[in-house]
Amino acid sequence: MAGTLLFLLVVLEVTLRLSGFSFVLYPEDIEFGRPDPVMIKVGFQPDDDLFWVTRDYGEKLERLRDKQPPLLLLGDSCTHLGRWDRALAGLAEDRLGQRPRFGNLAVAGWSSHQGREQVKRDVAELDPRVVTLYYGWNDHWIGFGIEDRNVARVRRVFSSRMSGLRLVQLGTKAMVAWGARQTAYPNRVSPADFADNLRTMVADLESKGATPVLITAASNHRVGHEPPELAERWLRNLDDLVPLHRQYVSIVRDVARETGATLCDLEARFADLSQEDRDRDFRADGIHTSAAGDRRMAAFVFECFEDNGLWPLILE
């Protein structure tokens, strides 16, 4: 019986290969500017828990275990690819006379689902005192056609180590199709799950003795002036951009009020600036900051830390 079943599976595997069938659950084309698809292939690798990580993620994690920096920055490309972390360290050194030790474990393209899994798996052993959580953009983009939590289920069932088998790919495709039918929200992370992910990260960090800091995702988007390239892949309708982002920003604020977590409301701070200043502070996508915006963001975060008494926890 077992031999017959094995024979049938082998025949089906060969048939699928001869027919040209292939379906691999790759992470989506992360971001719409940087990193581009070529950079993704060179700079990222699959991770069963986190979907993808930078190729040096393991080495970076090992260095942070050794150094135990008191400040840890988590999030997506706004933190991973931005330079506001270094600008913040330089500003602290200028104003407080001491350069803070910090670690940046943000990864481009990540949603709060990946952040939650990262906090659970990788952050405890680093023993940080203050942790920033800067998520939101990728949560409300369209992803695989199913939510990140369902992608996680698929990956747990079909290990990436077996992803080369066409039978596994066929099963993966079937599960993705089923997950898409069952998903209430086509965004990568639904509003309800976004709030739950943030609450979970806040609770997990506080249980480890760390102070979580929720950061709202700043933007330079205006109704009627939305970057048209966002409609090509990231949105169902370009008109959804501003109200959708505002909804997820409001969730960050609500979770901060509900949990008592520190809030650095960067979206509100940038919104108070003139349009000329915002145009200078953001890149063309209206999401990622320019060099001037990195310095402005660093100043806003510095003030937020100062107002909430966090610098004594960070500086030794």
Side-chain angles (χ1 to χ4, degrees), residues 28-37 75-84 106 108-112 133-145 147-148 183-195 197-198 214-257 263-301 304:
E28 61 182 323
D29 290 342
I30 310 168
E31 291 300 332
F32 42 83
R34 294 187 62 198
D36 60 31
D76 54 29
S77 60
C78 293
T79 301
H80 175 198
L81 301 178
R83 298 182 65 87
W84 65 268
W110 272 17
S111 71
S112 62
L133 305 172
Y134 189 161
Y135 297 98
W137 287 113
N138 298 299
D139 293 81
H140 61 55
W141 297 144
I142 299 171
F144 296 101
E147 293 170 303
D148 276 19
T183 298
Y185 300 92
N187 302 96
R188 282 182 56 182
V189 178
S190 71
D193 283 348
F194 183 53
N197 289 340
L198 295 178
L214 293 171
I215 297 180
T216 56
S219 72
N220 187 29
H221 293 151
R222 293 175 292 155
V223 173
H225 299 273
E226 299 90 345
E229 62 269 19
L230 295 182
E232 297 174 3
R233 172 64 180 84
W234 311 100
L235 295 161
R236 291 171 298 283
N237 188 316
L238 195 59
D239 292 339
D240 294 339
L241 175 61
V242 173
L244 187 62
H245 187 62
R246 286 175 178 169
Q247 179 185 14
Y248 278 68
V249 166
S250 294
I251 290 171
V252 178
R253 293 168 179 155
D254 291 343
V255 171
R257 282 192 295 268
L263 175 68
C264 290
D265 199 344
L266 293 187
E267 171 71 351
R269 295 298 304 272
F270 275 98
D272 286 340
L273 300 176
S274 68
Q275 188 59 54
E276 181 181 0
D277 283 340
R278 292 200 300 273
D279 289 342
R280 183 170 54 250
D281 288 345
F282 285 88
R283 301 179 190 178
D285 59 28
I287 295 172
H288 298 93
T289 45
S290 63
D294 286 337
R295 293 189 294 271
R296 180 102 61 184
M297 187 177 296
F300 288 158
V301 173
C304 178

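Excluded from the calculations below are hydrogen atoms, water molecules and symmetry mates; all remaining heavy atoms, backbone and side chain alike, are included.
- What you find for Asp76 and Gly136 is that their closest heavy atoms are OD2-N, 4.3 Å.
- A donor-acceptor contact shorter than 3.5 Å is absent between the side chain of Glu226 and the backbone of Asp239.
- Not a single donor-acceptor pair under 3.5 Å links the side chain of Ser219 to the backbone N or O of Gly286.
- Judged purely by atom type and a 3.5 angstrom limit, Thr216 uses its side chain to pair as donor or acceptor with the backbone of Leu266.
- Summarising the geometry of Leu241 relative to His221, their closest heavy-atom pair is CD2-ND1, 3.5 Å, with the distance given to 0.1 Å.
- Contact detail for Asn187 and His140: the closest heavy-atom pair is ND2-O, 2.7 Å.
- Checked by atom type, the side-chain pair Asp279/Asn220 shows a donor-acceptor distance below 3.5 Å.
- Residue Arg269 holds its CZ atom at 12.0 Å from CE of Met297, rounded to the nearest 0.5 Å.
- With rounding to the nearest 0.5 Å, the separation of CG in Asp294 from CG in Leu81 is 10.5 Å.
- Glu276 CD: 12 or fewer foreign heavy atoms inside a 6.0 Å radius.
- No option in Trp137, Tyr248, Tyr135 other than Tyr248 meets the ring-ring contact (aromatic ring centres under 6.0 Å, His included) test with Phe194.
- Separating the OG1 atom in Thr79 from the CG atom in Leu133 is a distance of 9.5 Å, to the nearest 0.5 Å.
- By the 4.5 Å heavy-atom criterion applied to side chains, Cys78 and Thr289 are not counted as neighbours.
- Across all non-hydrogen atoms, the minimal contact from Leu238 to Pro227 is CD1-O, 3.4 Å.
- Residues Gly109 and Asn138 share a closest heavy-atom pair of C-ND2, 3.3 Å.
- Of the charged side-chain nitrogens involved, none lies within less than 4.0 Å of a carboxylate oxygen, so that Asp281 and Arg278 do not count as a salt-bridged pair.
- Taking CZ from Arg188 and CG from Asp193, the interatomic distance works out to 13.0 Å, rounded to the nearest 0.5 Å.
- Of the options Trp84, Phe282, Phe270, a side-chain contact (heavy atoms from CB on, under 4.5 Å) to Arg296 is made by Phe270 and by none of the others.
- Using a 4.5 Å heavy-atom cutoff, the side chains of Leu235 and Trp141 are in contact.
- Residues Leu263 and Val255 form no side-chain contact, since every pair of their non-hydrogen atoms from C-beta on lies 4.5 Å or further apart.
- Between the His245 side chain and the Ala217 main chain, a donor and an acceptor come within less than 3.5 Å of each other.
- Looking at every heavy atom in both residues, Ser77 comes nearest to His288 through OG-NE2, 2.6 Å.
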Checklist entry - What's the verdict on side-chain contact (heavy atoms from CB on, under 4.5 Å) for Asp139 and Asp148, showing C-alpha distance, side-chain angles and the deciding distance? => result CA-CA 9 Å; Asp139 293 81; Asp148 276 19; over 6 Å; no
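- Within 6.0 Å of atom CZ in Arg83, 12 or fewer heavy atoms from other residues, nucleotides or ligands are found, so the atom counts as exposed in its surroundings.
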